[in-house]
Amino acid sequence: VMEFVRGRKITDAATSLPSERRDQLVRSCFDILFTMVLEERLFHGDLHPGNVMLTEGGAVALLDLGLVGRLTPAMRDQAVDLLLAITQQDWQAVADAFYDMALRTRPVNMREFVAEVADVMDGTVAGRTLSELELGAVLGRIGETGVRFGMRVPSEYAMMIKAFLTVEGVGKVLAPSVDPVEVAKPYVAGAIRERYAPERLGSEGVRTLLSLTRVARELPPTLREVVSSVEGGRVRLGVDLSTARDLAPALKGAVAPMTDAVLAGGLVIAGAFALPHGEAALLGMPPVTLVLFALAGLTAVRLALRFRGS
């Protein structure tokens with residue numbers, strides 16, 4: 001469906017407007033951007049200043065949506081994690097979030113990558129107020145750093161970064177005082193609420209259970225094949241017992257965290273299945289679900305303490 005829109009390129013049409021009106025237009029541009037990326041997860045894939053128009057009626061219009069980007073809920077969560085880490089100036093979290101987002105072409109030296117990310121952040125973020133941050137430029141620099149370590153962002157993220165750069169560029173021309181981070185806050189908060197909504201936790205719990213069921217179904221035949229290969233002499237195993245005396249403590253230290261992880265996962269799945277049963281008591285969840293999720297949280301804390309102690 002095509003529609004003829006009368007208007008002019010926004011950076012040409014709005015420069016002569018009063019500052020208050022320019023502020024409104026730039027906030028509208030950021031609202032459109034964050035609505036597309038963080039709420040709808042469907043956004044303009046080739047956004048540049050020529051595609052952002054101020055109509056004769058005074059509205060902001062986006063042209064040429066022949067190319068669009070689409071984020072899955074998981075991809076949107078990763079983008080939110082990265083944005084939060086940048087605004088909180090947590091360089092380790094920035095590196096971790098980008099690592100989760102990226103497609104890796106070779107093993108990544110995380111120690112060196114974190115150090116490089118810290119250098120980038122020190123030059124582009126540290127010491128600046130939120131209103132002075134240029135999120136699009138920061139995201140682009142992080143992406144360039146990732147490429148040097150064998151990581152590249154999926155095309156959807158690349159289009160998202162381009163959209164950020166375009167809207168920030170419009171903002172710098174028309175209303176530099178508008179703080180994009182402040183505009184983004186309600187959209188980020190909404191994305192976080194959706195991530196932890198009972199309905200989504202329940203559906204993710206079901207998917208996890210189905211995955212575990214599939215693994216449980218496929219594992220026995222695989223093990224039988226391995227055992228058959230060993231018995232038939234097609235597989236030879238070598239065991240070095242010179243360090244056997246150190247094996248028991250190592251196994252003990254490995255089994256305990258695995259037990260906690262399995263227990264926490266089971267409690268989350270059980271809590272998800274309990275969501276439809278019982279009346280909502282708190283946060284829209286029945287008491288049984290709250291108790292199971294609380295136990296899962298305590299188990300996760302114990303797991304984290306085990307890793308910290310190791």
In Å, rounded to the nearest 0.5 Å, how long is the span from [atom1] of [X] to [atom2] of [Y]?
| X | Y | atom1 | atom2 | result |
| --- | --- | --- | --- | --- |
| Glu156 | Met160 | CD | CE | 10.5 Å |
| Leu67 | His44 | CG | NE2 | 8.0 Å |
| Asp96 | Phe113 | CG | CZ | 9.0 Å |
| Arg104 | Tyr99 | CZ | OH | 4.0 Å |
| Arg141 | Ile161 | CZ | CD1 | 13.0 Å |
| Met159 | Leu71 | CE | CG | 8.5 Å |

So, do [X] and [Y] sit near enough that their side-chain heavy atoms are less than 4.5 Å apart?
| X | Y | answer |
| --- | --- | --- |
| Val60 | Ile32 | yes |
| Leu84 | Val80 | yes |
| Phe164 | Phe34 | yes |
| Lys185 | Tyr187 | no |
| Asn51 | Leu63 | yes |
| Met36 | Leu62 | yes |
| Arg27 | Gln24 | no |
| Glu168 | Phe30 | yes |

Linked, directly or transitively: [X] and [Y] (ILVMFWY side chains, under 4.5 Å):
| X | Y | result |
| --- | --- | --- |
| Met110 | Val120 | yes |
| Val167 | Met53 | no |
| Val5 | Ile10 | no |

Any idea which heavy atoms bring [X] and [Y] closest together, and the distance?
| X | Y | answer |
| --- | --- | --- |
| Thr166 | Pro49 | CG2-N, 3.6 Å |
| Leu38 | Arg76 | O-NH1, 2.5 Å |
| Gln78 | Asp100 | NE2-O, 3.4 Å |
| Pro154 | Met101 | CD-O, 3.4 Å |
| Ala163 | Leu33 | CB-CD1, 3.7 Å |
| Thr15 | Asp12 | OG1-O, 3.3 Å |

[X] side-chain N/O to [Y] backbone N/O, donor-acceptor pair under 3.5 Å:
| X | Y | result |
| --- | --- | --- |
| Arg22 | Leu17 | yes |
| Thr145 | Glu116 | no |
| Thr11 | Val170 | no |
| Thr55 | Ala59 | yes |
| Tyr157 | Met75 | yes |

Item to complete: Go through Ile86 and Leu139 one step at a time and tell me if the side-chain contact (heavy atoms from CB on, under 4.5 Å) criterion holds.
Response: CA-CA 9 Å; Ile86 291 172; Leu139 292 172; 3.8 Å; yes
Practice prompt. Applying side-chain contact (heavy atoms from CB on, under 4.5 Å), run through Val188 and Ile192 and close with a yes or a no.
Written response: CA-CA 6 Å; Val188 171; Ile192 293 174; 4.0 Å; yes
Worksheet item: Considering residues, nucleotides and ligands other than Arg41, do more than 12 of their heavy atoms fall under 6.0 Å from its CZ?
Response: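 Yes, because the 6.0 Å sphere around CZ of Arg41 holds more than 12 heavy atoms from other groups.
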Practice prompt. Might you confirm whether atom CZ of Arg111 has over 12 heavy atoms from other residues, nucleotides or ligands at distances under 6.0 Å?
Written response: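 Not buried by this count: 12 neighbours or fewer within 6.0 Å.
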Item to complete: Would you please test Thr35 and Glu40 for side-chain contact (heavy atoms from CB on, under 4.5 Å) and show each step?
Response: CA-CA 6 Å; Thr35 298; Glu40 301 299 329; 4.2 Å; yes
Worksheet item: Can you tell which of Ser177, Pro18, Ser28 makes a side-chain contact (heavy atoms from CB on, under 4.5 Å) with Asp23?
Response: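 The side-chain contact (heavy atoms from CB on, under 4.5 Å) with Asp23 is passed solely by Ser177 among Ser177, Pro18, Ser28.
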Worksheet entry | Trace of the side-chain contact (heavy atoms from CB on, under 4.5 Å) decision for Leu42 with Arg70 | CA-CA 5 Å; Leu42 184 69; Arg70 186 186 300 272; 3.7 Å; yes
